Engineer: 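Got a structure here, written out as C-alpha cells. Questions coming.
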Amino acid sequence: MTTVHTLRIDGADVAASDGQSILAVATENGIDIPTMCHLDGLSDTASCRLCLVEVAGSNKLTPACTTLVTEGMDITTTSEQLTEYRRTITEMLFLERNHICAICVANNHCELQDLAEKLQIDHFELPVINPSVGIDASHPLFAIDHNRCIMCQRCVRVCAEIEGAFTWGVMGSGIAERVVTDMGTPWGESPTCTSCGKCVQVCPTGALFENGRSIAEGSKAQRPFLPFLKRLGEGLEQT
Amino acid sequence: MSESSATTSARPRRRVVNLPAHVGPTRASAYVCEAVSCLSMQSHDVLLGLGERVAAAGLTDVEVKRVGCLGLCAAGPLVQIPETGELFAHVVPDNLGGIVEALAAAVPGGERVPEAPFFSRQLRIVTENSGRIDPESLEDYVASGGYQALRTVLSTMTPAEVRDEIARSGLRGRGGAGYPTGLKWNTVAKAIGSPKYVICNADEGDPGAFMDRSVLESDPYRVLEGMAIAAYAVGASIGYVYCRAEYPLAVSRLHKAIQAAGRSNYLGASMLDTEFSFEVDIRQGAGAFVCGEETALIASLEGGRGTPRTRPPYPAVAGLWHQPTLINNVETFANVAPIIRKGGSWFAGLGTATSKGTKVFALAGRVVNTGLIEVPMGTTLREIVFDIGGGIVDGRAFKAVQTGGPSGGCIPSEFLDMGVDYESLIGVGSFMGSGGMIVMDETSCMVDVARYFMDFCREESCGKCVPCRVGTTQLFMLLERITTGEATMDDLAQMERLGHMVQRTSLCGLGQGAPNPIFSTLRYFRDEYVAHIVDRVCPAGVCSIEPAPVST
C-alpha cells in the first residue's frame, strides 16, 4: 500500500505518493524547477544546486531532487532570492570553462543555453576564469571538449547505472575537476568503453558530441535507454 | 603550514636500544616528550642519551621514560622530572648534564618548582595522561586508571544507562558543530539495522590545528576505550578510525595500541570476558580536507571518491554501507572514559550553561607559548592568549585570534574578555571548529588572512557542487584583486553578495563555511579592505600594492 501525502507547492495543494521527490511532484503538477545535474532515470546527486527550494519552517534551502515529500510540506520554488541564486549558479557554469555559443556544436540545442535564456541572463558580472582545458578526440565515434563541460556528471552516472561499463569517472578536485575515461586513459584507448554513446545522449551541453554530426541533426537527447516510466513524461513532451 | 614539515621529519630512524633495566622503587624519573613536535627536534636522541648518562652515573633508582605531548611545543624538546616539577626546555642531546644532576638531587615529596601559568591555568581531562604515560604502553595506561570505565560499563551498566550518563554530562561534539553527543548516541541506538558501526573521525585538517594528532600520539588507548564504550552503548560491533595519512606517528601508535588491546582482551571477541565484541581497524585518508565531513568520510571509507552527499539521511540512520553509523571526533571519544569514571554530573558541572567540560586548543601563531592547551569551556580569550599563551611575541600588539579553521573567523581585541564556548564564538561571527587557535598581531593583514583561507578552501573543494567549486575560486580571485590593489568598491560589494550565495547554496559545510573568514574580517576590519581598495595601501605592510598611478 502506498501512502499518499498532501502538500503545498507555490500555494497550490497537490497530492504525492510516499517516496516521491519534491522535484518529481512539482514536474507532475506543471511547476518548473530548473535543474542541470538531474535527469529522470539516473540517480540524483544534488550537485548543481539549481533546484534548491524553500521549505516553510526551515531556514536552509533544500534540493528538490533529493528531498522526499512529507505530509503538509509547504514549498516555495520561486522567489526573488532563489532566482538570484539560480542566475549566479548559471553564470558560474558559463564562466568556469569556455562557453562560446556561436561556435559550439550544441548552439541552439544546449540545456545550459536554454537555462540562461529562461533566467534572462544577458551579461556576466563575475570575473572570467578562462582556464586552459583540452579536448579528447581519440575516440573514433565521439569526442569530449572539456571547454564545454559543466561537471554535471550525467555521463558518469549513465555509464555506470545504465550501461554498466564504468568507463567515465572523475579526476582532480575543485575547479581542476575533470571527467575522464578509465582513470585518465585517452577515450580511444579505453578498454572498457562499449561505444554505446549513452554519455553523448545525456550530455546537456556541447561537451560530448558525435564526430561529424551536428547536434541540430538530432544526434543528441535520444534517450530510449533510460527507464521507460521515467522517460514517459519526457517522450510525450517531445512528440 | 609548519605542521607538515614537522610531520615529514617525524620519522626518526630509530636505533633499537634497551634503556637500562629499571628495578626497585623509583626515586626520580625523567619524562621525555616523544610527540611529533619534540621528536622532530631530536627528542629521541635525548631519550637515548639520558638513558646512557643515567646508567653511567649509576642512578639505579631513576627511570627514563618516553611520554606523550607535554604541551609546550614552542619550547621543545621537553624533559620533565615529575617528582620535582622541573621542566627542561630546548634540550639538546649533547648537553644533558643539568638534567642528570637534577635527577641525582631529586627528592620525592621534597620541594617542588612552582608550575608555570601555562600549566597551572589548564584543566586537563582529555589530555590528563598526555606527558605522563608512555603512549605505547598498555600497562602504563591501565596503571593510570585506564579501562576502569570500560570494565564498569561492561559489567554493571546497560547500554541505555551509558547513553543516559553521556546525555547527563552535556558533552557536545568536539569536531566543531557541537551536536549533543548523548542525542547522537540515542539516535544511532534507536536506528534499525545490523551491523552498526562506530567511526572515529581523525581526519584533522584545519590549518594550525593539531589537537587530535596530539591525543592519538599521546594517549591512543583512551580513544579506543571511548570507542568501545560508545559501541556498547549504541549496539555496534565494528569500528574504524579514519586518520589522515599525514599523521604517521599517530597511525603507528594507534596500530600498536589496537594490537596490544586486542591481545589483552580490551578489544575483539568477548571483551573482558563478557559477551560484548568490538573490532577496530584503521583507515587512512589520502589528504583531502573535505573527508573530515562525515558523509565524505563515509564515501572515502567505502572506497569511493571522498565527496559529501546531501543529508538526510544522516549517518546515524544510513551511514557506512547504509547501516546506522556513529561518527564522533577523536576528542569526543577521549572525553567518554572520564565521564563514565567520574559521572555525567561531574562533567556537567564544568564549563558554561550550554557548553560543558573542557576544550583542547592548539595555540599557534604570534603567541609566545605555542602548543597544546586544555581549558574549561568559558575561559576567556585573554586568559588563553595572555596568561597561558604568554602574550604576543616581541611584545607587539594583539590584533585578532582566528578560531574554527577555514570555516571560522577572526575575533578582534574588543572580545578578549569573552568566555569561549560554542554559542559565544558563533555570536561574534566565528566558530568553535575543532580547536585551532591562531593568534595574530599588528603585522598580520586581515585581507591577506581572508585570502589565505579562501585559497585553502578553493584548493580543498572537492568540486562536486557548483557554488563551492566555482564560488571559492571566484571569491579568491576577488580577494587577489583587493590584495594587489586592483579592486574597486563594486568588487567588494560583489564579493559580499557572492559570499552569501556560496554560504546559502553549497552542499556541505566546506562551502557553507568558506565565506566566513571574509565576513568576519569585513565585520571587524572593513577599514583594512577600504584602505587596500581606495588608498591602495596595505596597513600591515603585508600585501605588495603598486603605488597608484599619478593622474595628470
Side-chain angles (χ1 to χ4, degrees), chain A residues 21 36-37 43-54 58-68 70 81-82 84-97 112 124-131 149-153 156 160 169-179, chain B residues 286-291 295-296 299 304-313 454-481 486-487 490-491 493-495 497-508 510-512 514:
Chain A
S21 68
M36 198 49 79
C37 61
S43 65
D44 279 313
T45 58
S47 61
C48 73
R49 318 304 284 170
L50 281 164
C51 72
L52 288 176
V53 294
E54 292 163 5
S58 164
N59 56 359
K60 285 190 169 173
L61 301 176
T62 307
C65 62
T66 55
T67 309
L68 304 184
T70 56
Q81 186 76 85
L82 285 174
E84 196 199 312
Y85 289 157
R86 285 173 187 153
R87 289 172 65 112
T88 311
I89 290 170
T90 312
E91 195 177 327
M92 282 178 172
L93 288 174
F94 273 102
L95 293 171
E96 180 187 12
R97 307 265 172 103
L112 183 63
F124 299 134
E125 288 173 5
L126 295 169
V128 178
I129 297 178
N130 194 18
C149 175
I150 58 165
M151 292 306 301
C152 66
Q153 301 189 29
V156 179
V170 179
M171 193 180 260
S173 67
I175 199 90
E177 196 182 45
R178 305 279 182 270
V179 289
Chain B
F289 175 71
V290 74
C291 287
T295 58
R305 229 175 111 76
T307 56
R309 60 161 176 78
T310 49
R311 299 174 301 182
M454 193 52 69
D455 194 21
F456 181 88
C457 290
R458 175 185 72 105
E459 194 75 20
E460 293 297 344
S461 165
C462 74
K464 180 172 178 174
C465 77
V466 182
C468 176
R469 180 178 76 224
V470 190
T472 52
T473 298
Q474 293 279 7
L475 287 169
F476 174 74
M477 286 164 73
L478 286 164
L479 282 164
E480 280 256 290
R481 281 168 73 159
E486 290 164 22
D490 285 347
D491 286 326
Q494 170 110 69
M495 189 172 78
R497 262 203 311 277
L498 191 60
H500 284 294
M501 180 264 175
V502 171
Q503 191 174 42
R504 290 270 285 153
T505 59
S506 288
L507 195 157
C508 82
L510 196 157
Q512 289 161 8

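Chain A is the first sequence line, chain B the second, and so forth, proteins listed ahead of strands; every chain is numbered from 1. For clarity, every value in this text was computed on a predicted model and none was experimentally measured.
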Engineer: Is it the case that the side chain of Arg97(A) and the backbone of Phe94(A) share a donor-acceptor pair, with hydrogens and angles ignored and the cut-off at 3.5 Å?
Structural biologist: no

Engineer: Identify which part of Ser506(B) has an atom lying under 4.5 Å from any heavy atom of chain A, answering side chain, backbone, both or neither.
Structural biologist: backbone

Engineer: Side chain from CB out, backbone as N, CA, C, O: work out which of these in Glu459(B) comes under 4.5 Å of a heavy atom of chain A, or both, or neither.
Structural biologist: backbone

Engineer: Using a cut-off of under 4.5 Å for heavy-atom pairs, which of Met36(A), Met92(A), Gln81(A), Lys60(A) has the most such pairs with chain B?
Structural biologist: Met92(A)

Engineer: Can you tell which of His500(B), Arg305(B), Lys464(B) has the highest number of heavy-atom pairs within less than 4.5 Å of chain A?
Structural biologist: Arg305(B)

Engineer: Check the pair Leu61(A) / Thr505(B) against side chain to side chain contact (heavy atoms under 4.5 Å, CB included), numbers first and verdict last.
Structural biologist: CA-CA 7 Å; Leu61(A) 301 176; Thr505(B) 59; 4.2 Å; yes

Engineer: Testing the basics here: between Cys468(B) and Ser461(B), what is the closest heavy-atom pair and its distance to 0.1 Å?
Structural biologist: SG-OG, 3.2 Å

Engineer: At a 4.5 Å cut-off on heavy atoms, which part of Arg504(B) comes close to chain A: side chain, backbone, both, or neither?
Structural biologist: both

Engineer: Report the C-alpha separation of Val170(A) and Arg178(A) in whole Å, then their side-chain angles, then the decisive distance to 0.1 Å, and conclude whether the side chain to side chain contact (heavy atoms under 4.5 Å, CB included) test is met.
Structural biologist: CA-CA 6 Å; Val170(A) 179; Arg178(A) 305 279 182 270; over 6 Å; no

Engineer: So what's closer than 4.5 Å to chain A heavy atoms on Met477(B): side chain, backbone, both or neither?
Structural biologist: side chain

Engineer: For Pro63(A), which atoms come within 4.5 Å of any heavy atom of chain B: side chain, backbone, both, or neither?
Structural biologist: side chain

Engineer: Which atoms of Thr310(B) come close to chain A, meaning under 4.5 Å heavy atom to heavy atom: side chain ones, backbone ones, both, or neither?
Structural biologist: side chain

Engineer: Need one label for Leu50(A): side chain, backbone, both or neither, based on atoms under 4.5 Å from any heavy atom in chain B.
Structural biologist: neither

Engineer: Using atom types as modelled and distance alone, determine if a side-chain donor or acceptor of Arg49(A) lies under 3.5 Å from a backbone N or O of Val502(B).
Structural biologist: no

Engineer: Does any backbone or side-chain atom of Leu126(A) lie under 4.5 Å from a heavy atom of chain B? Answer side chain, backbone, both or neither.
Structural biologist: both

Engineer: Measure Glu125(A) against the heavy atoms of chain B and call it side chain, backbone, both or neither at under 4.5 Å.
Structural biologist: both

Engineer: Shorter than 4.5 Å, heavy atoms on both sides: which option in Gln494(B), Arg309(B), Arg481(B) has the most such pairs with chain A?
Structural biologist: Gln494(B)

Engineer: Among all residues two or more places apart in sequence or in another chain, which pass the side-chain contact (heavy atoms from CB on, under 4.5 Å) test with Asp44(A)?
Structural biologist: His38(A), Cys65(A), Thr66(A)

Engineer: Examine whether an atom of Thr62(A) lies under 4.5 Å from a heavy atom of chain B, and if so say whether it belongs to the side chain, the backbone or both; otherwise answer neither.
Structural biologist: neither

Engineer: Is there a side chain to side chain contact (heavy atoms under 4.5 Å, CB included) between Ile129(A) and Val470(B)? Walk through the geometry before answering.
Structural biologist: CA-CA 9 Å; Ile129(A) 297 178; Val470(B) 190; 4.1 Å; yes

Engineer: Strictly by side-chain hydrogen bond (donor to acceptor under 3.5 Å, both in side chains), give each pair with a member in residues 467-478 of chain B just once, sequence neighbours left out.
Structural biologist: Glu96(A)-Arg469(B)

